[in-house]
Amino acid sequence: MTTFNKISQAIVDSDPGQAISLVETAMGNDTPAVDILNKGLLAGMEIVGEKMESEEMFIPEVLMSANAMSQCVDVLKPHLSEEDTGQTKKVVIGTVQGDLHDIGKNLVSMLMESAGMEIYDLGVDVPPDAFVEKISEIKPEIVGISALLTTTMPAMQQTVEAISEAGLREQVKIMVGGAPVTQGFCDEIGADVFAPDANAAAKMAKAL
Amino acid sequence: MQLKGLQGGLYRPLSPEQIETIHDAALTILEQTGMGYENGLEATVEMLEDHGAEVDHKSRRIKFPRHIIEQAIVKAPSQVILCGRQPEHDLDLREDKVHLGTGGAAIKIIDLETKELRATTLEDLYEVSRVVDQLANIHFLVRPCIPTDLKKEDYDINMFYACLKATQKHVMSGVNDEEGLRRVIDLAAMIAGGKDKLAERPFISFITSIAISPLKLCTQSTLIMQEANRNRIPVAISSAPMAGSTSPVTMAGTLAQLHAEELAGIAICQLTTPGAPVLYGGIPGLVNLASMGYAGGPVEFGMMNAAAHQLADHINIPNYNSAGLADSKEPDAQAAWEKSLTLILAAMAGSNYIHHSAGMLESMLTIAHEQFVMDDEIIGNCCRVLKGIEVDAEHLALEVIESVGPGGNYMSSPHTMAHMRREYFQGNGVTNRKSRDRWEKDGGLDAREKAREIAKKLIANRETAYIDPDTDRAIRDKYTIHLKEEK
């Protein structure tokens, strides 16, 4: 097994200690940081994504893998140039007004973060205006809106409308998700992307 | 065969020592960790402080010394009667007496005609409620779906109106806010013929999901609960943690946290209005660990909901819990085993008010007419189990055995005639026990198709006007009612 494969494996095994020690050894052997990132860590997270989709891995394991990934990135960071990492995508995310549920939303944030995106999490019960304000300030590429309750879904529409009214609609892609949300609902309220689960959300955000 | 309010207590997953241990753990949680709260709950927090709770206003944490909880919960009544519009539909909730009915806030329905999945409407709510009204083994109606064709402001009054017009069974639902609660109480009072009459025979009640697990009070729901308490309308204090995401992954840990949330809720309720009718509403659930989505179909869901009844019974308060949810997307074999297993466990435990027990699919997101029919059959069978085997002279039938003698048969004995319809469960017609030949001649319908046929028949039956025309007019003059008037 190559060093990169071993690092990938440590990520898949949700083993932060092993991953960091492998990354440090590789750095000591003058392996370029950008290769460790791409061929080791990100390659590992890709496998994690697949295993998550096939339900071989449980979410707590995926979170531990993401955590291992981010610890390793911290070690690598001083050695990475902006060119290495490319331009970071910014995401503003939150749970809609009236809804206090945030597990799914947090999961999406974590997976997007481990896929290299910059997350601005507005928390729960976020009024449409708060989304608008943050979008104006941060100028993100993506806005993620979450709802769990069937009764708070209308607030998703109000949020999309508020973003349009503020004249910001063209600047961002709006992603919606949450247990009751469907592709049909996404189309109906004029959002751009429906993510059926957290892994899909991270994948789709990366591709946008 | 009367299958409502039968005695459970046949399945007890927790031993008396285990119940004590969990109860004590819950008190420790409330004492050490406490409950969080948010803006808007200042008056409630002040009330708790006056009664000796320790409140950290900065971190917004309420810690409950044991005696506060212990003194408050004993004020809760050990019996709650949820009325139907007629006394025959009353539910006497106490001890191990079992009642089962619908539940949920589904947003999708499998269309009865096309079998396509679509959004639920107010008309659907009315129609499935009429089906529930006619299915004998479903004892009450908790609003099973959301009228997604209405504006949110119109939800509360229209949901209750549609349910109360469709059935004379007890109707329970959540409401969006205190204003919605007041309007619904007013609506029900108009139907009852006055607020006093409604308080005398409360044929509506409310679900208030006051705990956001883990251990946080929901401001809106707490205020709604307190308003209902003051009006003496029964409330189910719902808390529904999911093992592995909003409560510990272990069953014992989930039950301890859930019990703590319930104890806090009941204490708030009883400090608001001592003696207010309340149901212990712990619904221990699970997550699908591969997605963090809700899982209501696992057998452990049945085990834990059975245990939740034991915990409620331990503090002598009737309980509201869940069973019969399915994670299956379609009315199929998986749905049947998920429902049967969780329902039989929750019923055998003696759960007093088991909701979600009919019609639900896809982890509470979807309903189907035919599923209500099939679940009516499962519920009936579960209740039959509770009825047990009667052993007395009449049922032993020694005289009959003597008179028929060796080599005879019992087909034409009067004893057979007298008992055959009472001794065995008589279903709604969805279960098929015909010969293959006969079954094929009848169209060879499988259970789902047969259930669709039955549902269509029930819908085609004449509508019963459960709201009289004068009252109906008065309601429509006062409120914006979207359900079509009778043609």
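To find a chain, count down the sequence lines: A is the first, B the second, and so on, and within it residues start at 1.
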* Compare all side-chain heavy atoms of B/Asn288 with those of A/Glu55 and state whether any distance is below 4.5 angstrom. => yes
* Structure fact -> Honestly, the part of A/Ile103 sitting under 4.5 Å from a heavy atom of chain B is side chain
* Asked: More than 12 non-hydrogen atoms from neighbouring residues, nucleotides or ligands closer than 6.0 Å to CD on A/Glu118, yes or no?
  -> yes
* Asked: Is it the side chain or the backbone of B/Thr246 that comes within 4.5 Å of chain A heavy atoms, both, or neither?
  -> both
* Asked: Rounded to the nearest 0.5 Å, what separation is found between the NZ atom of B/Lys108 and the CZ atom of A/Phe185?
  -> 12.5 Å
* Asked: When rounded to the nearest 0.5 angstrom, what distance separates CG in B/Leu289 from CE in A/Met57?
  -> 12.5 Å
* To do: List in chain and number order the residues that pass salt bridge (charged side-chain N to carboxylate O under 4.0 Å, His left out) with B/Asp149, two or more places apart in sequence or in another chain; answer none if no residue qualifies.
  => none
* Asked: Quick one: of A/Leu100, A/Asp197, A/Leu149, A/Val62, who has the most non-hydrogen atom pairs under 4.5 Å with chain B?
  -> A/Leu100
* Structure fact -> Whatever's closer than 4.5 Å to a heavy atom in chain A on B/Gln220 counts as neither
* Asked: Hey, is NZ on A/Lys173 packed in by over 12 heavy atoms from elsewhere, all under 6.0 Å?
  -> no
* Structure fact -> Value for CE (A/Met153) from NZ (B/Lys152), rounded to nearest 0.5 Å, stands at 12.0 Å
* **Approximate separation, where rounding is to 0.5 Å, of B/Met292 CE and A/Asn106 CG** => 12.0 Å
* Structure fact -> What one should report as the nearest heavy-atom pair of A/Pro154 and B/Tyr155 is CG-OH, 4.3 Å
* Structure fact -> Between the OG atom in B/Ser245 and the CD1 atom in A/Ile59, the distance rounded to the nearest 0.5 Å is 10.5 Å
